[in-house]
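Here the structure is laid out as C-alpha cells; the discussion comes afterwards.
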Amino acid sequence: PDTATIEFDKELMQTEKIEILDPAIRDKSIEMGWIEEGERKTATWKVRLNGIDSAKAEISVLSTRGGVDRREVELK
C-alpha cells in the first residue's frame with residue numbers, strides 16, 4: 001500500500017520538543033491503501049509541541065509504484 005510519513009528536525013525530536021502522539025506505532029507512518037491517479041486521500045498525525053511555538057515538518061507520500069511526493073509544512 002502507499003504510505004505517508006512525517007519527519008521533523010532530528011534535534012527537536014531528540015530533545016522531546018515534538019511528540020507524535022498518533023499513530024502510536026514506532027515509525028509513525030500511515031498506510032493509505034493504493035492511491036489511484038488524481039485521487040485524494042488524507043493522512044492525519046496528532047502532534048504535540050513542547051515549549052516551542054511552531055515546527056517545520058516534511059510530509060512524504062511514497063507510492064508502491066515508485067512515485068514520491070514531498071511537501072514541507074509548518075505546524076503551529
Side-chain angles (χ1 to χ4, degrees):
D2 297 337
T3 304
T5 62
I6 188 169
E7 292 185 34
F8 291 94
D9 180 272
K10 291 186 189 303
E11 183 177 319
L12 288 175
M13 294 296 291
Q14 290 173 347
T15 59
E16 299 181 359
K17 297 285 186 186
I18 297 173
E19 289 180 78
I20 302 173
L21 305 173
D22 189 47
I25 60 174
R26 183 177 177 184
D27 71 359
K28 310 303 182 193
S29 64
I30 297 174
E31 289 187 2
M32 302 178 68
W34 283 269
I35 303 172
E36 298 296 328
E37 185 176 337
E39 181 180 10
R40 291 178 179 237
K41 289 197 175 185
T42 301
T44 304
W45 292 267
K46 185 174 181 180
V47 177
R48 178 182 293 148
L49 304 179
N50 296 314
I52 57 175
D53 294 328
S54 65
K56 290 184 180 178
E58 182 177 81
I59 307 295
S60 301
V61 177
L62 312 167
S63 170
T64 56
R65 296 169 300 284
V68 177
D69 189 14
R70 289 191 172 90
R71 305 284 165 96
E72 188 173 286
V73 297
E74 185 171 3
L75 306 177
K76 296 183 178 189

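Everything numeric in this text was worked out from a predicted model, so none of it was measured.
Note on Leu62: it does not cluster hydrophobically with Met32, by side-chain heavy-atom contacts below 4.5 Å among ILVMFWY residues. Residues Leu21 and Val73 do not share a hydrophobic cluster, clusters being chains of Ile/Leu/Val/Met/Phe/Trp/Tyr side chains in contact below 4.5 Å.
A search for side-chain hydrogen bond (donor to acceptor under 3.5 Å, both in side chains) contacts involving Ser54 returns Glu74, not counting sequence neighbours. Shown here are the side-chain hydrogen bond (donor to acceptor under 3.5 Å, both in side chains) partners of Ser60, two or more places apart in sequence or in another chain: Arg70. Under the side-chain hydrogen bond (donor to acceptor under 3.5 Å, both in side chains) criterion, Asn50 pairs with Glu19, not counting sequence neighbours. With sequence neighbours excluded, the residues satisfying side-chain hydrogen bond (donor to acceptor under 3.5 Å, both in side chains) with Arg71 are Asp69.
Of the listed residues (Ile35, Val68, Thr5), just one forms a side-chain contact (heavy atoms from CB on, under 4.5 Å) with Val61, and that residue is Ile35.
Within the structure, the side chain to side chain donor-acceptor pair (under 3.5 Å) test picks out the following pairs touching residues 27-39 (sequence neighbours left out): Asp27-Ser29, Trp34-Thr64. Within the structure, salt bridge (charged side-chain N to carboxylate O under 4.0 Å, His left out) contacts touching residues 2-12 (residues at least two apart or in different chains) are Asp2-Arg65.
Taking CD1 of Ile20 as the start and CZ of Arg48 as the end, the distance is 12.5 Å to the nearest 0.5 Å. Taken from CD1 in Ile25 to CD1 in Ile30, the straight-line distance is 8.0 Å, to the nearest 0.5 Å.
Of all heavy-atom pairs between Thr3 and Pro1, the closest is OG1-O, 3.4 Å. Closest of all the heavy-atom pairs between Glu72 and Lys56 is OE2-CD, 3.3 Å.
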For this session: Let me see the working for Ile18 and Leu49 under side chain to side chain contact (heavy atoms under 4.5 Å, CB included), right down to the final yes or no.
Result: CA-CA 5 Å; Ile18 297 173; Leu49 304 179; 4.0 Å; yes
